[in-house]
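Here the structure is laid out as structure tokens; the discussion comes afterwards.
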Amino acid sequence: MNESHPVVFTVLLFSILREKVGRAAVDVAVPAPATGSALLDALEAAHPAVAPYRPVIRLAVNQTYVPESVRLTEGDEVALITPVSGG
Amino acid sequence: MNESHPVVFTVLLFSILREKVGRAAVDVAVPAPATGSALLDALEAAHPAVAPYRPVIRLAVNQTYVPESVRLTEGDEVALITPVSGG
Amino acid sequence: MHEPLDVAAADAYLRDARCGGLNLFVGTTRQWTGTRETVELAYECYEPMAIKEMQRLVDEAKARWPIERVCVLHRLGVVPVAEASVVVGVATPHRAAAFEACRFLIDELKVQVPIWKREHYTDGTTEWVQGAQPPRVEGEG
Amino acid sequence: MHEPLDVAAADAYLRDARCGGLNLFVGTTRQWTGTRETVELAYECYEPMAIKEMQRLVDEAKARWPIERVCVLHRLGVVPVAEASVVVGVATPHRAAAFEACRFLIDELKVQVPIWKREHYTDGTTEWVQGAQPPRVEGEG
């Protein structure tokens, strides 16, 4: 992996985001070194339907909530969590 | 009923009071006009085993908690309630 | 009642289409209290007053919370370790009220309802449990 | 799990001789929300993370209260009116902790565990329920 090459992440989508984007998972290329914010920016550029939800999305990496400032590593499982409504 | 004649009440006893007195119900004669305090005084005189519990006894008349100052009427169902421990 | 309490039946009764949540408290016989081991508890009750007091507490809870369904069940006689002596359940439109009303009912039951428990210990001794000192009735003492 | 939740089984699991009380919360599908009538709810889940989050919440509860037994069950897929979508149960030596820990677990579940519900109304429309805004993760934003 080289700083000038983009890294591709598969991003999991659920509920309203899954419906708005029309897919349960999308691939997003992020320039290395990749961060959560850069991934969200790239995703929003490719899928404008995500934009309105950006303020309420929480990022999960490897099934754990993380701040957007997180540094991403190739192979990380990334998911976008809109406000949950279980129970 | 005449103010100079005593009224007899059947007093119900439970748990430790029932055991200490050795009976589930005792008759107590109280001079009219009868009050809860007078009934407890008479009961204590006749059954000294009740005395140690006097500070924690609550009086129930016709299945409702009442203050000791209550005026009793012939035929009232009187019960002595030591601190309860259900649940 | 002298039979085991049926939590599943309580749950079924408490289901209500107007409600989003129900809270159930199940009081069970604990084996250890400090260093003493309990075999079973035995409950004695002043039944007509206990029923009246339970109804009064339920009425008070209904006045304070939007309760659609409620149940208060207490077992009498012998209750072995881990079996239920009391079941209190409340169903409300939103969950906070169900928790609060259920807690209120069991807390009040333990102070107001004329039921007494006797511990039967493994060493063969028995002992009436001294309940919490209730608040004095207004005008009393 | 996609089958109806078994409250009786949860109760049986939570019985423990070290405990004097257990508290159960059962979340059910409410028929009316304001003037809209719900036929059923459908739940979607990010399963591996939901299980991890539930375990994290249980660990946190165990660190805060003396919990002997605990269960957290959530149904997925379609849940008709009055059926249970979630069951949380906690058994502790004394009742206050059971109430507090159970309340903590359901409150946190509703903010942290990645499960989403969709309302299916009688007029044929459906709608994803917008959950409570969670606290921002430290360092975020």
Side-chain angles (χ1 to χ4, degrees), chain C residues 4-34 37-41 68-69 79-96 98-107 109-110 117 129, chain D residues 4-34 37-41 68-69 79-96 98-107 109-110 117 129:
Chain C
L5 300 178
D6 187 339
V7 172
D11 170 51
Y13 169 73
L14 294 166
R15 296 299 177 91
D16 188 295
R18 293 162 296 184
C19 292
L22 66 93
N23 190 255
L24 271 166
F25 174 77
V26 181
T28 53
T29 298
R30 194 177 50 241
Q31 187 164 16
W32 293 95
T33 299
E37 186 180 2
T38 297
V39 181
E40 60 192 27
L41 298 175
E68 298 293 350
R69 302 248 179 162
V79 183
V81 160
E83 289 198 15
S85 53
V86 63
V87 174
V88 177
V90 178
T92 57
H94 299 278
R95 74 185 180 284
F99 276 95
E100 290 166 17
C102 187
R103 180 75 192 270
F104 166 83
L105 285 169
I106 183 64
D107 285 357
L109 180 148
K110 283 174 163 270
K117 68 168 70 105
V129 177
Chain D
L5 299 178
D6 188 339
V7 172
D11 171 50
Y13 169 73
L14 294 166
R15 295 300 177 91
D16 188 295
R18 294 161 294 185
C19 291
L22 67 94
N23 190 255
L24 271 167
F25 174 77
V26 181
T28 53
T29 299
R30 193 175 52 239
Q31 187 165 18
W32 294 95
T33 300
E37 187 180 0
T38 298
V39 182
E40 61 191 28
L41 298 175
E68 299 292 352
R69 301 247 180 163
V79 182
V81 160
E83 289 198 13
S85 53
V86 62
V87 173
V88 177
V90 178
T92 58
H94 298 279
R95 73 185 180 287
F99 275 95
E100 289 166 18
C102 187
R103 180 75 192 270
F104 166 82
L105 285 169
I106 183 64
D107 285 358
L109 180 147
K110 282 175 163 268
K117 69 167 69 107
V129 177

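Order of the sequence lines fixes the chain letters, A, B, ..., with proteins taken first and strands second; residue numbering starts at 1 for each chain. No hydrogens, no waters, no symmetry mates; every other heavy atom, side chains included, goes into these values.
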Drop me the distance from [X]'s [atom1] to [Y]'s [atom2], to the nearest 0.5 angstrom.
| X | Y | atom1 | atom2 | answer |
| --- | --- | --- | --- | --- |
| C:Leu41 | C:Glu83 | CG | CD | 11.0 Å |
| C:Leu14 | D:Leu24 | CG | CG | 11.0 Å |
| C:Arg95 | D:Cys102 | CZ | SG | 10.5 Å |

Item to check | Interchain contact, C:Ala98 with chain D, by part (heavy-atom threshold 4.5 Å) | outcome: neither
Item to check | C:Arg18, part contacting chain D, at a heavy-atom distance under 4.5 Å | outcome: backbone
Next on the checklist: Below 4.5 Å, heavy-atom pairs only: which of C:Thr33, C:Thr38, C:Asn23 has the largest tally toward chain D?
Outcome noted: C:Asn23
Which portion of [X] sits near chain C, non-hydrogen atoms under 4.5 angstrom:
| X | result |
| --- | --- |
| D:Ala10 | neither |
| D:Asp107 | both |
| D:Ala91 | neither |

Item to check | C:Ala12: partners by side-chain contact (heavy atoms from CB on, under 4.5 Å), with sequence neighbours left out | outcome: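 Here no residue qualifies.
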Next on the checklist: If the condition is side-chain contact (heavy atoms from CB on, under 4.5 Å), which residues does C:Ala82 pass it with, not counting sequence neighbours?
Outcome noted: none
Checklist entry - Taking side chain as C-beta onward, heavy atoms only, is D:Thr29 less than 4.5 Å from D:Glu40? => result no
Checklist entry - Do you know which of D:Ser85, D:Gly89, D:Ala96 has the most heavy-atom pairs under 4.5 Å to chain C? => result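 Of the options given, most contacts go to D:Ala96.
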Checklist entry - Highest number of heavy-atom pairs under 4.5 Å with chain C: which of D:Asp11, D:Val88, D:Val81? => result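 The residue among D:Asp11, D:Val88, D:Val81 with the greatest pair count is D:Asp11.
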